[in-house]
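Scope of the values below: all heavy atoms of this structure, side chains included, with no hydrogens, waters or symmetry mates. Reminder, nothing fancy here: chain letters follow the sequence lines and each chain counts from 1.
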Amino acid sequence: MSIDIRNLTFRYNPGTPLENTSLKDISLSIGKGEFILIGGEIGSGKSTLVRHFNGLLKPSSGQVTVDGMAAHAKKVKARVGVLFQFPQQQLFGRTVFEDVAFGPRNFGLRGNELEEQVYSALELLGFDKEICSNSPFHLSGGQMRLVAIAGVLASMPEYLVLDEPFSGLDAENRTTLLSALKHLTTKGTSVIVVSHRIPDLLSAADRIFLLDHGNLVFGGTPVDYVKHAPYLPEITCLMKEMRRKGFDVRDDIFHIDDAFSEISRVLNTKGAVGK
Amino acid sequence: MTLMIEIQDLLYSYPDGTIALDSVDLHIGKGEFVVIAGRNGSGKSSLVRHMNALLLPSGGCVSVNRLCTLQKKNHPDIRKAIGMVFQGPDSQFIGMTVEEDVAFGPENLGLPPLRIRELVEISLEMMGISELRFHSPRSLSGGQKQKVAIAGVLAMEPGCIVFDEVTSMLDPFSRKDVLDAVKRIHAKGTTVIYVTHRLEETINADRLVIMDSGKVVADASPRDVFLQHDLEMYGIELPPVVALSRMLTRAGFPGIGIALTKDELLEALCP
């Protein structure tokens with residue numbers, strides 16, 4: 001069970017003077033329960049890529065399959081939940097409950113089952129039941145974002161694609177969202193996060209893919225990432241520079257706690273001695 | 001230092017009675033670089049919206065260059081003095097070309113055409129986007145758009161510019177680009193008020209003001225704020241290097257203190 005992408009090329013406006021190749025010969029696959037980050041600069045093709053996962057765009061050449069079915073097949077829609085940037089702009093319900101229930105209701109859920117699904121999605125994102133009767137438009141920006149995400153979670157997709165879900169969220173809401181997403185992966189849901197803040201999210205990820213001008217330029221684990229990729233986390237840069245200055249420290253580190261124990265170790269054994 | 005913005009005992013409540021700002025006192029002098037940080041819903045956007053009379057106090061008083069925002073006749077002068085740039089520039093564009101868009105502000109101030117030309121020229125150059133002048137703002141990247149929005153505010157020559165989370169939607173390179181532009185603007189003498197979640201952007205500010213539940217809970221130099229407050233309590237994440245230096249200091253390693261940048265920490269660790 002996986003999303004499989006084989007030699008995907010995508011051109012906008014093919015056959016016109018505005019033709020623009022946005023994705024070039026991309027192959028990758030995403031398995032069950034994986035936490036995937038997709039990074040790259042603005043215009044690198046990352047949003048175009050994920051729009052292929054549920055058939056919003058069709059490849060110009062190559063193929064995209066979800067659990068063996070073509071991604072634009074109707075059955076795939078319920079399996080792949082996609083949340084775009086600024087999802088709070090997509091809220092419309094009179095109450096939070098109605099908003100979150102919209103997706104699963106459209107996929108045929110009714111009655112108790114529907115209610116349970118809505119409550120558990122909201123609970124996962126740290127909301128009490130009481131919020132259900134509130135209007136979504138009276139929430140803070142961060143809460144609106146989380147309610148919009150609950151709306152996608154409530155449809156229980158097998159693959160959850162989120163485009164820049166963390167931008168503009170404060171540290172607290174980010175932690176809530178990140179642990180909710182981690183929890184989903186333990187239940188077998190694959191989580192695919194598009195972000196330009198890869199360094200901040202490294203410790204959560206199983207694998208990272210980086211795009212540059214439509215090319216897949218990196219695919220690998222967080223440890224591979226800090227060895228090879230551009231835009232390293234600041235902690236990794238610090239460790240690399242300490243190493244260059246003659247400290248015997250690991251430089252494949254991106255977590256503050258690991259950096260702390262590495263630095264404490266060398267400071268304790270050597271005293272503060274450089275080269 | 002000449003006082004620019006004076007906020008005294010400011011109270012603001014929404015129509016439904018929720019209190020957004022509670023006894024806020026804040027004085028900002030000409031030429032300062034002040035960062036305002038706090039979790040979502042802490043009141044930072046409500047606070048800065050009082051600075052150009054987009055919101056008016058429910059209690060207390062806000063004045064700009066000694067003009068009180070409660071008096072409607074002061075609004076034109078206040079809004080001339082304080083420019084604002086917001087998170088999403090898309091909703092702020094009106095011109096067909098970058099040049100037209102930047103000219104919109106000074107045109108509305110009723111300036112003579114030659115002066116408008118001059119101001120547009122200077123602002124585009126300041127933001128490093130002179131070559132984009134004939135482009136449509138909509139066709140630009142996020143970072144470029146944000147620079148056009150800033151140029152539009154600059155062209156009105158406000159004494160103070162408020163940047164409300166202007167980089168939160170940008171990738172790391174555009175973010176640095178925009179931040180560098182903000183620093184250039186400050187270096188030319190403009191007062192800068194910069195609202196953000198990301199403290200690593202702002203370690204060279206004069207002052208760091210932390211908001212929580214509608215109140216100012218810290219107001220000092222960034223280094224002192226990091227030293228004296230547990231910002232995690234207010235839902236703010238420390239920049240990684242600052243957090244690491246504080247962990248090392250608290251673990252008893254001498255001579256590190258609070259490092260604001262990677263280079264400072266390196267210097268302390270390997271002198």
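Applying the salt bridge (Lys or Arg N to Asp or Glu O under 4.0 Å) test to residues at least two apart or on different chains, the pairs with a partner in residues 230-253 of chain B are R174(A)-E237(B), D230(B)-R246(B), D230(B)-R250(B), E232(B)-R246(B). Within the structure, side chain to side chain donor-acceptor pair (under 3.5 Å) contacts touching residues 207-225 of chain A (residues at least two apart or in different chains) are E34(A)-R207(A), T221(A)-D224(A).
Using a 4.5 Å cut-off between heavy atoms, I235(A) contacts chain B through its side chain alone, with no backbone atom that close. Heavy atoms closer than 4.5 Å to chain A are found nowhere in D16(B), neither backbone nor side chain. Neither the backbone nor the side chain of E164(A) comes within contact range of chain B; no heavy atom of the residue lies under 4.5 Å from a heavy atom of that chain.
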Do L269(B) and K245(A) pass the side chain to side chain contact (heavy atoms under 4.5 Å, CB included) test, and can you show the C-alpha distance, the side-chain angles, and the key distance before you say yes or no?
CA-CA 10 Å; L269(B) 289 172; K245(A) 293 198 175 208; over 6 Å; no

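Contact count against chain B (heavy-atom pairs under 4.5 Å) is highest for L169(A) among D200(A), L169(A), D257(A). Ranked by heavy-atom pairs under 4.5 Å with chain A, the list E165(B), H197(B), E200(B) is led by H197(B).
Inter-residue side-chain proximity for F253(B) and I263(A) is flagged as unmet; no heavy-atom pair is nearer than 4.5 Å.
A distance of 6.5 Å separates CD of E234(A) from NZ of K262(B), quoted to the nearest 0.5 Å. Between the CD atom of E172(A) and the OG atom of S42(B) there is a distance of 10.5 Å, given to the nearest 0.5 Å. N40(B) CG to M144(A) CE: the interatomic distance, rounded to the nearest 0.5 Å, is 12.0 Å. With values rounded to the nearest 0.5 angstrom, F260(A) atom CZ is found 8.0 Å from L244(B) atom CG. Put simply, OG1 on T18(B) and NE2 on H138(A) are 9.5 Å apart, with the number rounded to the nearest 0.5 Å. With rounding to the nearest 0.5 angstrom, the CG atom of L267(A) is 6.0 Å from the CD1 atom of I256(B).
Remark: R94(A) CZ is loosely packed, at most 12 non-hydrogen atoms of other residues, nucleotides or ligands lying under 6.0 Å away. Taking a 6.0 Å sphere around NZ of K176(B), one finds it holds 12 or fewer heavy atoms contributed by other residues, nucleotides or ligands. The number of heavy atoms from other shown groups lying within 6.0 Å of NZ (K129(A)) does not exceed 12.
Nearest approach of A243(B) to I256(A), heavy atoms of both residues: CB-CD1, 3.9 Å. The two residues A171(A) and G235(B) make their nearest non-hydrogen contact at CB-O, 3.4 Å.
Looking at D170(A) and R198(B), no side-chain N of the basic residue comes within less than 4.0 Å of a carboxylate O on the acidic one, giving no salt bridge.
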